Structure formats: C-alpha cells, structure tokens
Amino acid sequence: MSEHIFANEYPFLSRLDDLVHAVFDPLHLQGVGYYWRPMLFSWLLHVALIKLIPQTTKHLLPSVYARMSKDDKRLWKTSLVGLVHTVYDSWFVIKHFHDVALNGDRMGGFNREFEFYLALAMGYYVWDLTVCILNFRSYGPMYLIHAALGVFGILVMTSRHLQFYAIPFLLPEVSSVLLNIRHLLKVSGLSNTLVYKINFLIFVVAFIAIRIGFEMYHSAILVYQVYQGNTGNAFYPFAVYFAALGVTLTTLNFIWLKQILVAASYTLGTPKKREVKNE
C-alpha cells in the first residue's frame with residue numbers, strides 16, 4: 001500500500017499509524033491501520049451532517065418542519081443521512097459490480113479504489129451503530145445487530161479479506177434508498193400521495209429481488225464454500241464470520257419482509273380495505 005499522506009510533515013501521525021497497526025495487524029485487520037484516517041473523517045462528516053440538517057430544514061422547509069413531531073424530526077434527520085449514505089454505497093458497488101479482480105477471486109481478490117470507498121463508508125456504519133445503541137427502545141435488537149455486523153464487516157473487507165462480498169451485501173442499499181425516501185415523504189405529510197405509493201411499490205420489488213434473491217443466493221454460495229473449506233487466501237475465521245453474516249442478514253431480511261408485506265397491504269390496498277383495518 002502507498003505511504004500515508006502527511007507522514008513526514010506530521011511525525012505524530014506516523015507514530016499513531018504505527019500504534020494502530022500494532023493493535024490491529026495481529027488481528028488480521030491491517031486495513032484499520034491504513035484507513036483509520038478516512039474512516040474518522042467520514043464519521044466526523046456524518047456527525048456534522050446530522051447537526052446541520054435541523055437548521056437547514058427550518059430555513060428551506062419552514063412550514064413542513066414546523067408540523068413535525070419530535071419523533072418525526074429525528075426520523076427526518078436519520079433518513080436524510082441514510083439517504084446520502086445509501087446513494088453513495090449503491091454508486092460505488094454498482095461501479096465495481098463487474099470488477100475482474102473482485103469477481104475473479106471471491107475470497108482474496110481486492111481493488112484499492114474499492115477498499116478506499118469502503119473505508120469512507122465506515123463512518124456511517126459507526127454513526128448508525130451509535131444511533132441504534134442510544135435509541136435501542138426505538139430501533140430494537142434487529143437494527144442493532146445489523147449495524148454491528150456492518151461495522152466489523154467493513155473492517156474485514158478493507159483488510160483485503162472477502163472484498164467481493166461487499167457487492168451482494170451492500171447492493172441491497174439500493175432498496176434502502178427507496179426506504180429512506182419513503183420515510184422522508186411520510187414525515188413530510190405526503191403518505192397519501194401517488195408518489196409515495198409508487199416509491200413504496202418499487203421498494204417492495206427491489207427488496208425482494210435484491211435482498212431475498214441476489215443477496216441470499218450469494219450467501220448460500222459462501223456458506224457452501226466455507227463448508228467445503230474453499231476459503232482461499234482469506235483468514236478462515238473471517239470466512240466463517242461472513243458465512244454466518246450471510247445467514248443472519250437473510251434471516252433479518254425475511255423478518256423484515258413479513259413486516260413490509262403487512263405495510264404494503266395497507267399502503268397499496270384499496271380504500272375499503274384500509275377502512276376495515278382501521279376499524
């Protein structure tokens with residue numbers, strides 16, 4: 001890997017790099033030592049963004065923001081941050097979808113540009129994990145588990161283990177783009193509009209196709225490869241972890257699918273059906 005920028009100008013950063021490497025390299029997580037700076041920058045960027053959103057919204061959408069409840073304002077903030085993140089994830093995963101190095105070696109193949117993008121994504125996952133911990137009563141255990149798995153998964157992939165699996169595990173963020181848009185429309189008071197219903201319908205289709213179809217398919221292949229002992233250059237415990245990660249994500253996806261289909265029957269149902277459910 002290339003030398004760290006500013007290492008010569010700021011010797012204390014070089015010493016800090018050495019310290020991080022000394023802690024994480026023995027754990028086969030060398031990527032932390034190389035990418036802790038962009039990871040930290042990304043996290044600070046997300047913290048700054050969440051602080052700026054309320055004032056920006058008050059200025060740009062004063063009437064909409066004034067109507068929001070306290071919970072709506074919190075959902076508005078987290079959904080806007082989530083929207084930025086999911087668009088970013090979707091972009092760089094789709095960009096590298098057919099990458100030769102990643103697809104040619106699913107266990108040990110790597111792409112330097114791709115792993116840098118992954119490092120920048122880490123800031124969101126750390127922020128998201130913090131939100132899930134601080135608001136556990138609202139988010140519950142499933143979102144907390146999902147966030148924690150994401151943090152460790154990024155650490156593994158930026159250390160050049162199983163980078164390919166960022167594609168099937170992060171491509172589902174495409175459906176999350178639509179989910180965040182749904183949240184934003186809902187708290188804006190637009191849940192009865194045609195745009196809201198069309199967005200939700202596309203979200204359901206994308207969720208089933210990508211999360212239940214594409215992601216589960218590649219998770220099954222990974223589980224089989226690990227079972228056969230075909231883990232290549234990947235650190236074996238990480239390969240086992242990713243196999244378990246795939247099973248866990250698939251389980252969560254089916255749990256969420258049940259909730260989504262219930263919401264879809266209400267959102268996309270006829271007015272009479274919605275009236276019956278409200279009685």
Side-chain angles (χ1 to χ4, degrees), residues 4-6 10 12-13 15-17 19-20 23-24 29 31-62 64-66 68-93 113-159 166 169-170 172-174 176-184 186-188:
H4 285 301
I5 300 173
F6 306 132
Y10 302 98
F12 75 94
L13 286 178
R15 289 194 293 270
L16 188 54
D17 291 336
L19 175 61
V20 176
V23 173
F24 288 96
L29 295 172
V32 182
Y34 289 108
Y35 291 111
W36 69 268
R37 298 184 200 180
M39 289 177 181
L40 177 61
F41 170 78
S42 175
W43 177 77
L44 291 173
L45 192 63
H46 283 87
V47 172
L49 182 59
I50 203 73
K51 297 292 185 182
L52 289 172
I53 286 173
Q55 294 302 322
T56 304
T57 306
K58 284 181 184 178
H59 178 71
L60 298 177
L61 301 169
V64 173
Y65 195 74
M68 293 182 191
S69 66
K70 183 178 179 180
D71 289 340
D72 286 344
K73 290 176 180 177
R74 184 181 65 188
L75 182 59
W76 175 266
K77 290 192 299 182
T78 56
S79 296
L80 272 177
V81 174
L83 179 60
V84 172
H85 164 75
T86 51
V87 168
Y88 169 75
D89 272 7
S90 300
W91 166 73
F92 81 79
V93 168
E113 180 184 69
F114 189 66
E115 68 188 30
F116 179 74
Y117 288 143
L118 285 169
L120 287 178
M122 171 60 93
Y124 171 83
Y125 288 101
V126 174
W127 172 82
D128 186 46
L129 178 61
T130 304
V131 170
C132 290
I133 292 173
L134 297 178
N135 301 280
F136 181 77
R137 290 185 178 181
S138 298
Y139 288 94
M142 289 192 296
Y143 283 99
L144 179 61
I145 293 171
H146 185 268
L149 293 175
V151 168
F152 189 69
I154 296 294
L155 292 180
V156 170
M157 290 185 290
T158 52
S159 300
F169 290 165
L170 291 183
E173 295 288 42
V174 171
S176 296
V177 171
L178 299 164
L179 178 62
N180 283 305
I181 292 174
R182 178 188 178 228
H183 290 326
L184 293 172
K186 185 176 181 179
V187 298
S188 299

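If you're wondering where the values come from, they're calculated on a predicted model, not measured in any experiment.
- Residue V93 comes nearest to F114 through the heavy atom pair CA-CE1, 4.4 Å, listed as atom of the first residue, atom of the second, then distance.
- Looking only at side-chain heavy atoms (C-beta outward), M39 and T158 come within less than 4.5 Å of each other.
- Applying the side-chain hydrogen bond (donor to acceptor under 3.5 Å, both in side chains) rule to R182 yields the partners Y196; only residues at least two apart in sequence or on another chain are considered.
- In this structure the side chain of K186 never reaches within 4.5 angstrom of the side chain of D72, judged on heavy atoms.
- Taking every heavy atom of both residues into account, T86 and L83 meet most closely at OG1-O, 3.1 Å.
- V87 has its side chain out of reach of N180: every pair of non-hydrogen atoms, C-beta onward, lies at least 4.5 Å apart.
- From L149, atom CG reaches atom CD1 of I145 across 7.0 Å, with rounding to the nearest 0.5 Å.
- Within the structure, side-chain hydrogen bond (donor to acceptor under 3.5 Å, both in side chains) contacts touching residues 47-60 (residues at least two apart or in different chains) are T57-W76.
- Each of S69, S79, S138 was checked for a side-chain hydrogen bond (donor to acceptor under 3.5 Å, both in side chains) with R74, and the lone residue meeting it is S138.
- Counting non-hydrogen atoms of neighbouring residues, nucleotides and ligands closer than 6.0 angstrom, the NZ atom of K73 exceeds 12 such neighbours.
- Atom CE of M157 sits about 11.0 Å away from atom CZ of F152, to the nearest 0.5 Å.
- Of all heavy-atom pairs spanning V187 and M68, the tightest one is O-CG, 3.8 Å.
- Closest heavy-atom contact between S159 and G31: OG-N, 2.9 Å.
- Distance check, rounded to the nearest 0.5 Å: CD1 of I154 to CG of L120 gives 10.5 Å.
- Proximity of a side-chain donor or acceptor of D128 to a complementary backbone N or O of Y124 within less than 3.5 Å is not detected.
- By the side chain to side chain contact (heavy atoms under 4.5 Å, CB included) test, L44 pairs with L40, sequence neighbours left out.
- Partners of V174 under the side chain to side chain contact (heavy atoms under 4.5 Å, CB included) rule, at least two apart in sequence or in another chain, are S90, I94, L171, I210.
- To the nearest 0.5 Å, atoms CH2 (W127) and SG (C132) are separated by 8.5 Å.
- For the atom pair CG of D17 and OH of Y34, the computed distance is 9.5 Å after rounding to the nearest 0.5 Å.
- Between Y125 and L118 there is no side-chain heavy-atom pair separated by less than 4.5 Å.
- Applying the side-chain hydrogen bond (donor to acceptor under 3.5 Å, both in side chains) criterion to Y139, with sequence neighbours excluded, gives no partner residue.
- With sequence neighbours left out, the ring-ring contact (aromatic ring centres under 6.0 Å, His included) criterion links Y88 to F92.
- Aromatic ring pairs are classed by plane angle as parallel below 30°, tilted from 30° to 60° and perpendicular above 60°; the pair Y35 and F116 is tilted.
- Residues L155 and L29 share a closest heavy-atom pair of O-CD2, 3.7 Å.
- Residues L129 and L144 meet the side-chain proximity criterion, which asks for heavy atoms closer than 4.5 Å.
- Counting all heavy atoms, side chain and backbone alike, L75 lies closest to T78 at O-OG1, 3.2 Å.
- Between atom CG of residue N135 and atom OG1 of residue T130 there is a gap of 10.5 Å, rounded to the nearest 0.5 Å.
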